[in-house]
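Reviewing the structure listed below.
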Amino acid sequence: MSDEPAVVLRDVWKTYRLRERGTSPREVLARLVRPRIRVVEALRGINLSIARGEIVAVAGPNGAGKSTTVKLLSGLLAPDTGTVVALGCDPIRDRLRYVSRIGVCFGQRTELWWDHPVASSFDWKRVVWNLPRLQYDRSLGALTEMLGLRDIWRVPARELSLGQKMRADLALALLPEPDLVILDEPTVGLDVLAKRDVLDFCREINRVRRVTIVVTSHDLSDLEALAGRIVMVHQGQVAFDGQFDRLRATVGLQRRLRLVTSGPAPVLQDAAFLETRDGAHEYAYDAGATTLPSLLAQAEAQATILDVETHRPPIDDVIATLYASWHARDARGR
Amino acid sequence: MGEPRVRSTWWYVARVPARYALGFRMDLAFVLRSPGLAAYYLTLDAILTPAAGAATFLLAERLSGIGAWSVAQVTFLLGYATLVEGILSVAFTYNVSHVSRRIGRGQLDHLLVQPQPLWLSLVSEGFAPLSGGAAVLAGIVILSWSIAHLPVMPDPVWWGLFLANLGASVVAILGAMFAWSSLAFWAPVAAEEVATNVHEALTSLGVFPLDGLGGPLAAGLVAVVPAGLVAWLPARALLGIGGAMTPTWATPAAAAGLAIVGAVAFRAGLRQYRKVGSSRYTDFGHRR
């Protein structure tokens, strides 16, 4: 396997021109004569490099440019300027060579044949991808074990639950043993168990085959469970690129403190009271600015402490804090 | 996984039989899974497809022909149109012929991530020979009856011309449907059903002998909405109606023109698709 990166995006720009519609009949007629075009810069000079065998999460608020990035990587969209090179190919110009080496799985779409058993979709994939029988049997055997396909093998796709459908779609994407897997919202709509199965499988396939995985999701805790590295896209630019721990550090050493006390919630300096649930009081504090013993001493002075627990805030809260700071910065810049 | 090789067009052409075999297997399994329902569906299809020409047939029967066309010749035209429709539903189902739906619904993405040229996907993905075959059978039955009652003695040359014209009619319809469907690249919502409208125009007008129409109207019904190529022009040529005025190469030539227009429009649309992608996605009708 070569050492060159699996994916390189170099100064990629993508702009959409959207025609703005009028709301009143007069405005509608006026815009027929003189259309008003809104230019949306989906990507503004994105630079990104992903090493082979890496799992990278791409996240960002709605309209940040995630979908555009995924479409560029899937060979469905061409950049306006800049270059996209994946697995040594131009995804558009070398489409046939490129797509035979990638697996694409969109969480809200299915590649399965609706009225046919799951088995038929795999047979279809074998023929269309021109997979040698030996490779097909080997890959299918491994996927059947890892994703538990046996129980859904003869079930028509239309009768599958969301989780089962996702398992089958993932297996279908992985069947040709691709070098790069692009997963767009793979856990959307899944229950906790199905989500865990999908995430475990992705980790396993990355560990066993060193498959490069690019994954997007709105569920940041899923992404943290799966990927070491996160690329945050905001307003068409890479706003953060690094490990999840470093991302947490950007908003300070945020911690949560849960106290169960004999009385009402003690008032703590240097910690913000969040809520009381099931008799436990929750606070947020910055571990860089204050210490846990000092907070506990303050609490003990006001009530008897029955139980103590500290934990890191959910990654979603970290991201929400980041988004809020970005929006505040954007508003100041306007 | 090793570095995949760049394949020649002929390599992909050679894959077509395997794709058709796959389509046959999947369709056979689909039909056999509920044979009762399949029989019901096929019977309905066998009745309803030729029924599109019932009015023409009744007129011809009542008036002992339509213009220069005898009843048997009108029946030949209807059988030919039924057969063309049958071929479309055998080889281009799953909205392959109604491609504006796939474009408008964002389903082209599914084809673009397949490691084969788009033409191969379009040629092979809609092959359902059994569930779509009833109209073919109905067309063959009607054609057989009409040929038995016509003063033609089909020899191998005639059959060759017949097949060439039949293929050309299918190509002409597809060319028109792809050309018009390409609008959906620019207006995915508004033009999502444009292929359906073109198809309806073709099936409703295609079963009439169009003789007697003025030049511009007849030209429009051959070149723009090519209803005349569904059955009228080829039937005229094959049965010698109107003498040498309708050569047997007329339909293939017109079909080639329409195929070029369809291909050019579709390629331009694809370039637009690469630029803007699809802003919407709905799975309705996709592989079902």
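Protein chains get the first letters and strands the later ones, always in sequence-line order, with residue 1 at the start of each.
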### Query
Is it the case that more than 12 heavy atoms not belonging to A:Ile37 sit under 6.0 Å from its CD1 atom?
yes
### Query
CZ of A:Arg158: more than 12 outside heavy atoms within 6.0 angstrom?
yes
Report which part of [X] has an atom under 4.5 Å of a heavy atom belonging to chain A: side chain, backbone, both, or neither.
| X | result |
| --- | --- |
| B:Leu111 | backbone |
| B:Leu22 | side chain |
| B:Gln107 | neither |

### Message
For the aromatic rings, using the six-membered ring if either is Trp, is the centroid distance between B:Tyr94 and A:Trp113 under 6.0 Å?
### Response
yes
Part of [X] within contact of chain B (heavy atom distance under 4.5 Å):
| X | value |
| --- | --- |
| A:Leu112 | backbone |
| A:Lys14 | side chain |
| A:Arg126 | side chain |
| A:Thr110 | backbone |
| A:Asn130 | side chain |
| A:Val104 | side chain |

When you measure from the side chain of [X] to the backbone of [Y], do you find a donor-acceptor pair of N or O atoms at a distance under 3.5 Å?
| X | Y | result |
| --- | --- | --- |
| B:Arg287 | A:Glu111 | yes |
| A:Arg95 | B:Gln116 | yes |
| B:Lys275 | A:Pro79 | no |
| B:Arg274 | A:Gly75 | yes |

Taking every non-hydrogen pair under 4.5 Å, which of [options] racks up the most with chain B?
| options | answer |
| --- | --- |
| A:Gly88, A:Gly103, A:Ala78 | A:Ala78 |
| A:Ala157, A:Pro117, A:Ser121 | A:Pro117 |
| A:Arg109, A:Arg17, A:Gln108 | A:Arg109 |

### Task
Output the option from B:Ser124, B:Gly106, B:Pro117 having the highest count of non-hydrogen pairs under 4.5 Å with chain A.
B:Pro117
### Task
Quick one: which of B:Leu108, B:Asp109, B:Val276, B:Asp283 has the most heavy-atom pairs under 4.5 Å with chain A, could you say?
B:Asp109
### Query
Where is the tightest heavy-atom contact between A:Val128 and B:Pro115, given as atom of each residue plus distance?
O-CG, 4.3 Å
### Summary
Taking every heavy atom of B:Ser278 against every heavy atom of A:Lys71, the minimum-distance pair comes out as O-NZ, 2.9 Å
### Query
Can you check whether A:Val99 reaches B:Gln114 side chain to side chain, under 4.5 Å on heavy atoms?
no
### Query
Hey, mind stepping through A:Trp124 and B:Arg25 against side-chain contact (heavy atoms from CB on, under 4.5 Å) and telling me if it holds?
CA-CA 10 Å; A:Trp124 169 82; B:Arg25 279 203 305 276; over 6 Å; no
### Task
Check the pair B:Arg7, A:Leu96 against side-chain contact (heavy atoms from CB on, under 4.5 Å), reporting the backbone distance first and the verdict last.
CA-CA 9 Å; B:Arg7 312 284 194 177; A:Leu96 297 183; over 6 Å; no
### Query
After noting the C-alpha distance and the side-chain angles of A:His116 and B:Phe30, does the key distance pass the side-chain contact (heavy atoms from CB on, under 4.5 Å) rule?
CA-CA 7 Å; A:His116 292 269; B:Phe30 177 69; 3.7 Å; yes
